[in-house]
There are 2 protein chains.
Amino acid sequence: MAGTGERSSIQSVADAAGVSPTTVSHALSGKRAVSPRTRERIFAAIEAQNYRPNMVAKGLRSRRTQSVALLLVDIANPYYPAVARAIHDVLAAEGYVSFIGNTDGDADTERKLLEEMVARGVDGVVMQPVALSAAEVREIAGPETALVITTTEAGEMPADAVLTDDVRGLTEAVTHLADQGVHELGFIGGFPGASAGPLRVDTFEAAIGGASVPEGWIEHATFTREGGEAAAARLLALPHRPRAILCANDLIAIGAVEATRAAGLRVPEDVAIVGFDDIDTASLVSPALTTVVNPAAAVGDACARTILWRVEHGPGAPYRKTVLPTHLVVRQSA
Amino acid sequence: MAGTGERSSIQSVADAAGVSPTTVSHALSGKRAVSPRTRERIFAAIEAQNYRPNMVAKGLRSRRTQSVALLLVDIANPYYPAVARAIHDVLAAEGYVSFIGNTDGDADTERKLLEEMVARGVDGVVMQPVALSAAEVREIAGPETALVITTTEAGEMPADAVLTDDVRGLTEAVTHLADQGVHELGFIGGFPGASAGPLRVDTFEAAIGGASVPEGWIEHATFTREGGEAAAARLLALPHRPRAILCANDLIAIGAVEATRAAGLRVPEDVAIVGFDDIDTASLVSPALTTVVNPAAAVGDACARTILWRVEHGPGAPYRKTVLPTHLVVRQSA
DNA sequence: GTGAAAGCGCTAACAT
DNA sequence: ATGTTAGCGCTTTCAC
């Protein structure tokens, strides 16, 4: 019988077992030896009272909350759930819980959410900053909080990082196009000013080896089908239009396909379209999307493991960088 | 200049402002009047020290953590991110943060996650229980925690509820099929034994008005394309097979379409397929999925508002039930 | 309008 | 192997 309503405390368990709260604490944590007979009485009392340690009190005292914050751009955008799920799985197995936040790539939101999480004493944060620099993020997180940044940027940063080699997959796409004689490439990116975060213009430029791009062939869109459709329409309305469009994510690419057809052009014969991420939908639409595989689950997994590793090793250990490859999967759209 | 590393406390702010911690607390919370001049000094000190209240300490003392737990089946399954995002948006606007957990519809996981969240003192939990009954969930959550359950079940439950009228949309689907002379209906559900959670067999039975279903026409699958493909294959291998298959979600339906084609049959001429949820992909595949629209964003929004309402009104107020309609959208697969 | 004292439920340091 | 003491950083009486 539980049921009296009152949550029991470590003190009430100690009373029932005839020991001190300290001993109960140690019986639970295993941080120091407790005799078998005492243990037994303690656990009997815990059972009887249906006692559950108050994690808030524990967090305040021990300065460890067994929690981590996931600060992603937008959980509703199909790439992120797979990342979040992978992170959640490895963290949950280690007894951590996850906070989740959507930044939308907005500087104020990124800052506010991060501060909020730090104020809640999270042991770690996994973040994909878009508007904030890695240095700013570290500044807010403080030196003690485990911090993993995911992005494509490979420069130095004062944090552990899980990077995807976006240039590699995109270069494969460029090569694949070139093999078919397609050299006139346009690009639709997201967040115009961003120096980190989702696929960016500089990645595109790296992939085309610094070749110059005609005026207007680089467009920006929100990471949605609608955004892609509008941006592609602008691109295709140009007097001299590209023969292929590389897109910062698959949703944009799907919108671009629609815009292309709406303009009376064929995909891929008139305009080839390449997506990015390889979300489930990519292989299901028609034409099936030729796209660059962004290994969401592997990214999430690496982020979580890095957090765990950092929590274990403390802030003193050197920064750890994990780079995951991306690669092209050729389907029908290019 | 921040930068000394040490996080400042309410005490250090009080010292700097020449007041007591009590006054700082009140200046921050607005729970009692503070003279303008004092206020000013306090906020100057806060600014100078870059002070952020420790939410863990605040939570321990005040028994309010300004946090809520989202215990969904699987964030990686396309229906849920939209729900989560909507919840997050309304909660974040009110200063709440969100925990997230994936239960996979497993009883132990549901229980463990829920206990964990209660131990962390969340002010509320939004849950879609599958294996646990609403009563069990309430038992674990305790009477004080705001609890919103989302499901399709319309029975009494000791919690606030946000329900979708799944029978309605499914009935529209059955009628639509009947209008075309299609009366032989099979069903692919998820979690076999579930009495709550995602679309269930009893909903299907209600939609067909209690008509009897031939042996083997009710199948179960995981909520994935692969699951749907395998289950549909079993259905179609039957000596007497259904002329239409209603599916518990769109992923299953997409798999069913593939299985149908793999069996050399046409969709919808030989076998009509109806999905559920109307995820983004549904309108993008070909044939475009005829499906029942499950209003994810409205569900999330209602869940969050209900939590907020319950937190404001306390456990004494009568349970609140919100029912959201579903409706059929006819495309190509049926 | 403000402050002093107490204490939320735990764990860490220092005992023995 | 166990207990005592102190205190994490706040908010809440209760006092003036």
Side-chain angles (χ1 to χ4, degrees), chain A residues 6-43 45-46 49-67 95 115-116 118-123 142 144, chain B residues 6-43 45-46 49-67 95 115-116 118-123 142 144:
Chain A
E6 289 292 291
R7 288 205 93 65
S8 74
S9 70
I10 202 170
Q11 180 68 61
S12 63
V13 169
D15 290 347
V19 295
S20 73
T22 306
T23 302
V24 176
S25 174
H26 285 113
L28 250 13
S29 70
K31 288 195 181 177
R32 91 184 179 189
V34 171
S35 82
R37 307 197 49 240
T38 312
R39 253 187 75 86
E40 212 163 283
R41 273 180 299 131
I42 290 173
F43 280 98
I46 286 175
Q49 303 186 14
N50 191 27
Y51 168 70
R52 302 275 169 249
N54 180 325
M55 297 300 282
V56 178
K58 175 188 228 159
L60 176 59
R61 179 62 243 232
S62 69
R63 302 169 153 300
R64 282 285 173 106
T65 54
Q66 306 266 93
S67 67
E115 285 178 346
E116 178 76 56
V118 171
R120 303 190 103 102
V122 293
D123 297 336
E144 298 291 331
Chain B
E6 288 293 293
R7 290 204 92 64
S8 75
S9 70
I10 201 170
Q11 180 67 61
S12 64
V13 170
D15 291 347
V19 295
S20 73
T22 307
T23 301
V24 176
S25 175
H26 286 111
L28 249 14
S29 70
K31 289 195 179 175
R32 94 183 178 189
V34 172
S35 81
R37 309 198 47 242
T38 311
R39 256 188 72 85
E40 210 164 283
R41 273 181 297 131
I42 289 173
F43 281 98
I46 285 174
Q49 303 185 16
N50 191 28
Y51 168 69
R52 302 276 168 247
N54 179 325
M55 298 300 283
V56 178
K58 174 187 230 163
L60 176 59
R61 178 65 241 235
S62 69
R63 301 170 153 299
R64 282 283 174 107
T65 53
Q66 306 267 92
S67 66
E115 284 179 346
E116 177 77 55
V118 171
R120 302 188 106 100
V122 293
D123 296 337
E144 298 291 332

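Here is the naming used below: chain letters follow the sequence lines, and residue numbers restart at 1 for every chain.
Between dT11(C) and S29(A), no contact under 4.0 Å exists linking OP1 or OP2 to a side-chain N or O. At the phosphate of dA4(C), neither OP1 nor OP2 sits under 4.0 Å from any side-chain N or O atom of S20(B). Under 4.0 angstrom from either OP1 or OP2 of dA12(C) there lies at least one side-chain N or O belonging to K31(A). Within the structure, a side-chain polar atom (N or O) of S25(A) is placed less than 4.0 Å from OP1 or OP2 of dT11(C).
Of all heavy-atom pairs between Q11(A) and P21(A), the closest is OE1-CG, 3.5 Å. Nearest heavy atoms, A16(A) versus Q49(A): CB-NE2, 3.4 Å. Closest non-hydrogen pair, R64(B) versus D123(B), comes out as CA-OD1, 3.5 Å. Of all the heavy atoms in I42(A) and V13(A), the pair that sits closest is O-CG1, 4.1 Å. Taking each heavy atom of R32(B) and T23(B) in turn, the nearest pair found is NH2-OG1, 4.5 Å. A pairwise comparison of heavy atoms in S9(B) and S12(B) identifies O-OG, 2.8 Å as the closest pair.
Within the 4.5 Å cutoff, the side chain of V19(B) has no heavy atoms near those of the V34(B) side chain.
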Each nucleotide N or O in nucleotides 13-16 of chain D that has a protein N or O under 3.5 Å away: list the pair and distance.
none

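For DNA chain C, the residues of residues 9-16 of chain A within the heavy-atom distance limit of 4.0 Å (strictly under) are S9(A), I10(A), sorted by number.
Nearest-nucleotide positions on DNA chain C for S62(B) and S35(B) put S35(B) closer to the 5' end.
Residue contacts for V56(A): at a heavy-atom cut-off of 4.0 Å it reaches no nucleic acid atom on any strand shown. As judged by a 4.0 angstrom heavy-atom cut-off over every strand, V34(A) is placed among residues touching the sugar-phosphate backbone only.
The overall bend of the helix from dG1(C)-dC16(D) to dT16(C)-dA1(D), read as the angle between its terminal helix axes built from five base pairs each, is 30° when rounded to 10 degrees.
Within 6.0 Å of the CD atom in E115(A), the count of heavy atoms belonging to other residues, nucleotides or ligands exceeds 12.
For R63(B), the side-chain atoms get nearest to dG9(C) when compared with the rest of dA12(C), dG7(C), dG9(C). Residue L60(A) has its side chain nearest to dC8(D) when only dC8(D), dA12(C), dT12(D) are considered. Side-chain proximity of K58(A) to the nucleotides dT11(D), dC10(C), dC8(D) is greatest for dC10(C).
Rounded to the nearest 0.5 Å, atoms OG1 (T22(B)) and CD1 (I10(B)) are 8.0 Å apart.
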